[in-house]
Amino acid sequence: MKKRTGVFVCHCGINIAGTVDVKKVADKLSKHDGVAHSEDYVYMCSDPGQKLITNAIKENNLDSIVVSCCSPNLHEKTFQNAAKAGGINEFQSEIANIREQCSWVHKDKEKATVKAEKITRSAVERVIRNESLDPISFPVTRRGMVIGAGIAGIQAALDMANTGYEVILVEKNPSIGGHMIQLSETFPTLDCSQCILSPKMVEVSKHENIKLLTYSEVQEVSGYVGNFKVKIKKNPTFVDPKKCTLCDECTKVCPVVTSNEFDLGLTGRRAIYMPFPQAIPATYTLDDKNCPGLLPIACGKCSDVCDPGAIDYDQKPEIIEEEVGAIVVATGFDLYGKEEMGEYGYGKYADVLDGLQFERLCSASGPTQGKILRPSDHKVPKEVVFIQCSGSRDPELHCAYCSKICCMYTAKHALLYKHHVPDGQAYIFYIDIRSGGKGYEEFVQRVIEEDDVVYLRGKVSKIFEDNGKITVWGVDTLSGKNVEINADLVVLAQAMRPSKDADKLAKLLKIGTDKDGFLQEAHPKLRPVESVTAGMFLAGAAQAPKDIPEAVAQASGAAAKAVAILSQENLFHSPQVAKNFPNLCTGCGMCVDVCPYGALSLKDGKVEVNEILCEGCGTCSATCLRAAIEVKNITPLQIYEMINASLGG
Amino acid sequence: MVNLDDLKKEAHRILEENKVKYIIGYSQGSNGFPAVPAFIRNPEDSDNLIWNPACIHNLTRFLRDEKKRKAREKHPDNRPVGIIVKGCDSRAINVLLQENYITREDVFILGVSCEDTGVIDEKKLAKKLMGKMALSFDWDGNRNLVVTTKNGEIKINADEVLAERCLECPAQSPVVYDILFGDKVKRSPETRFESVEKIEKLSTEERWAFWKEQFDKCIRCYACRSVCPMCYCDECVVDTISFAVTADTTAEEKAQKIKWIDKSPVPSETFFYHMVRAIHLAGRCIDCGECERVCPLDIPIRFLNKKLEKEAKNLFDYEVGFDPNQLSLVSSFKDEDPEDFIR
Amino acid sequence: MAEEFEPKIVAFLCKWCSSAGSDLAGVSRMQYPSNVVPITVMCSGSVSPLYILSAFNKGADGVLVSGCHPGDCHYIKGNYYARRRIALVKELLEFTGLEPERFQMSWVSAAEGKKYTEIIKDFVKILKPLGPQKKLGRSQ
């Protein structure tokens, strides 16, 4: 099995050649057992460099190559293609990293040259034992799924559906719309949020390619890119939307009043309710946590008044199984709780609101029909204090990160307040004003100049209720003076945090979360819409705090990535997967236990590999006591020879 | 106390009722050996069974042979094999079950409890007898060994003649059995890892000197491996000696064969062999001490396994052989596993 | 004057974190001694005890195994298995008299080029006074 390996040592200009004697490495390697050709060149990755490799393969009848150059993360694919162009299998190409792991970290040319030689020999020992492999092909389930139906999820679902693929849109709440539907106006253009979102919501409800599952939660996900199996639990609404005529008689008789989530507790709702007038699907939901009994005996009033008989107390949760090829996760955000803010009264003062509550207060469809009245006594507040970075940028007590949108929406809040209460005074406490974005800085300047909003640079140390007022103690760091304001209303620009239970979903989906609990992108710069798991994509504030245009952009990006999978008839999987040796296997099952992907199973007392599930991590191989399983092209024998080569000389 | 007559009676019964195909037990040895493994096939031979403090052997090792024999048979007899096990041996059965090497239906387990004693260390006893020939011996029920010699009876305290592993044994009675003989005893020894701790107390260089001397003696006869019930691989990963080339051995398998070590018994290779054996027994060794007993050069191999038994217990709260359904030591982890050694 | 002893170190680096972290050290032009020859493996969980013993057997003066931080494993949990396995190997080697300094494990993320650099610098520094590792090495 003597191989004919070619070694190609790259100068990378002086990046490598400045510290490593590349000619010497090429010369030494030419005498290595199994090496039939060895040369150096100034830029192997350049077009002439690749041609040189391709020609050398053909001219010298090479069957494998080692390119000593930069990290395989950069040009592994380039040289695999050069190998293919030369007529050999792409897996007969290995990279010896002599730049990042050698020339760039050493100065002593002699020592660096010796090390580069060892790294190259090690790669040669590996490649001469490589198997030629073909990518494993498997068919794709050509439907998509979007989890979360806020603006990001809606956008992603519409984009995917408009390319012609069926999309299942899963939302845990009774209606789609997310937080955006709660907002009043949006910065910097002051578009009415509901007016721009509701057309998209209607489009979702009418789209023939979108299957909408509201009041539903993902329970289980198995499978792999191109072929996911998802179990979804659809909670019972106890109302049959087909029969319901939206007459609203039921809510009039329902005896239960509970806090209205849509208005963030500023109003109440009945146990049977429609979340808001534009809700999609347009139907009622009976909330069984607050309903006195779901039985005619316990109450039954809603059922009594329902002429069409739409109310069905016997509805049960339904488990729906769907098969999809790609998943977009757009689970959005929640606000960091006011009750976490000890310094701001733990959320116990009625006239201390968070940003979303203030949105409802400003909204024409809100609890006050757009009049700004303070919750405690329904009077028009004449002095309002807005506090930015409430919970953000505070690594000691709260969240370390910047929530990104608060500077802008606080400016908008102050503006809206001034438009509603022209004789009122708005104060904004801020640390910095971050207004990067198209038209954003201009918007902030307009608020400062036209609306006479007082911006105070500093933090608020304490707020407390005093004689019907909210006293705010802060400091103006520009003048160095302490500030006390007796406000009628305080609005906290609470930090954004990942939505509740997003971490549980991330575990189910096997996608990572970052230190703050936001979903982890595959690469912070180059792969910002991909998750770490193939076939799952991220959109919206679930990945990081972001505003509407950014969420929409990422959603369209995620949709395009998902469609890139769905548009394929077949996908390919790396063939560098585990391989078992039945003769040596005793069926102890330890490898089955350690496999993170469930790719291994026992059959007739021997282990079997599901090559599509296997990611080639090799933990099975290190666990096996009998050398009965290994990963192709990084086998124990290859490592053994690489150890030898690494220590030689 | 274990009643030998009961044991014989039950053995007779299960053979007669065809419940088992044969029984692996102990019988009186010739040639001065007080006990040897015995294979009883006829009910009437049950009378040859013995149970005494010299029943040292871990008979579960013979299940390996049984399995291989059965695999070769065209029409295998699927009745279970009767087997006599002590506390330690029973834990070996559990590990074999855990690793799917045998099924519970493959064995009919006659458990014998060591109660508050165990088995003797032949060398310790020989020293005590100072050349006198033991005609018979047994425990007296008060943790004394009563030895009958030509010159009369000698009484020796159990702690002076018990095998070291018995003094450190965490469970003297079988943890899995079909019939149990003797009383179920749960004694937690105070000195479970004393032998290991003695070595740990030495300095690094002293430890190296100790082991170097030991490994220098090794002639790589592999008796330790042959006697071990857990060394059931057809082929040992560390050497090419046992590499079985059969009709279905592929060329690739031959090519993939790694010569991790040289065959010659030079210290570095011997060291490698013993390290791999110890690591491969981590979480699997039940401390029957057979490897050490059969070593012709008296290498205290048991210490290596015992050390890892200790670390499994201390670092990962892992006990070997008590639960056939637990995940193996190295195929499981806990989030809180220690990592203070990691930078 | 006799040439200073240069220890030979084999480092098993997982592809996704530690090897990427060592790449970052290179990109950032951090400097560390050239004693380490890295072998990139898919996951720290794939490092068999045999690899470690073999490296010592073939004359390594030190061996490093480096993986992703707990919770960050590209393969979800390979590094947890590695942590357990390596702990056992380390205990055993120390028990038989190998200097504990000779075998190390670390968590190095793709962002920790500096940490990788420090680890290598310290490793070399600590190995130099120990001299060549002859205990487990095959005599030439």
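The sequence lines fix the lettering, A, B, ..., with proteins before strands; numbering per chain opens at 1.
Side-chain atoms of A:Thr619 and C:Arg85, non-hydrogen and from C-beta on, do get closer than 4.5 Å to each other. Using a 4.5 Å heavy-atom cutoff, the side chains of A:Ile119 and C:Pro38 are in contact. A heavy-atom distance below 4.5 Å is found between the side chains of A:Pro636 and C:Tyr51.
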Side chain to side chain contact (heavy atoms under 4.5 Å, CB included) between C:Phe12 and A:Ile643, intermediate numbers included: CA-CA 10 Å; C:Phe12 297 98; A:Ile643 293 170; 3.8 Å; yes
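If you measure heavy-atom distances from A:Thr513 to chain C, you find no contacts under 4.5 Å at all. With a 4.5 Å cut-off on non-hydrogen atoms, A:Cys595 touches chain C through its backbone but not through its side chain. Heavy atoms closer than 4.5 Å to chain C are found in the side chain of A:Lys115, but not in its backbone. Heavy-atom distances place the backbone of A:Asp593, and not its side chain, under 4.5 Å from chain C. Contact annotation for A:Asn97: only side-chain heavy atoms (C-beta onward) come within less than 4.5 Å of a heavy atom of chain C. Looking at A:Lys510, only its side chain comes within 4.5 Å of chain C, counting heavy atoms on both sides.
Ranked by non-hydrogen atom pairs under 4.5 Å with chain C, the options A:Gln101, A:Gln576, A:Lys111, A:Arg126 are led by A:Gln101. Note on A:Ile634, A:Asn644, A:Asn73: by heavy-atom pairs under 4.5 Å with chain C, the leading option is A:Asn644. Contact tally against chain C (heavy-atom pairs below 4.5 Å) for A:Cys620, A:Ala123, A:Ala622: the top residue is A:Ala622.
Listed for the A:His106 side chain is no donor-acceptor partner under 3.5 Å among the backbone atoms of C:Gln31.
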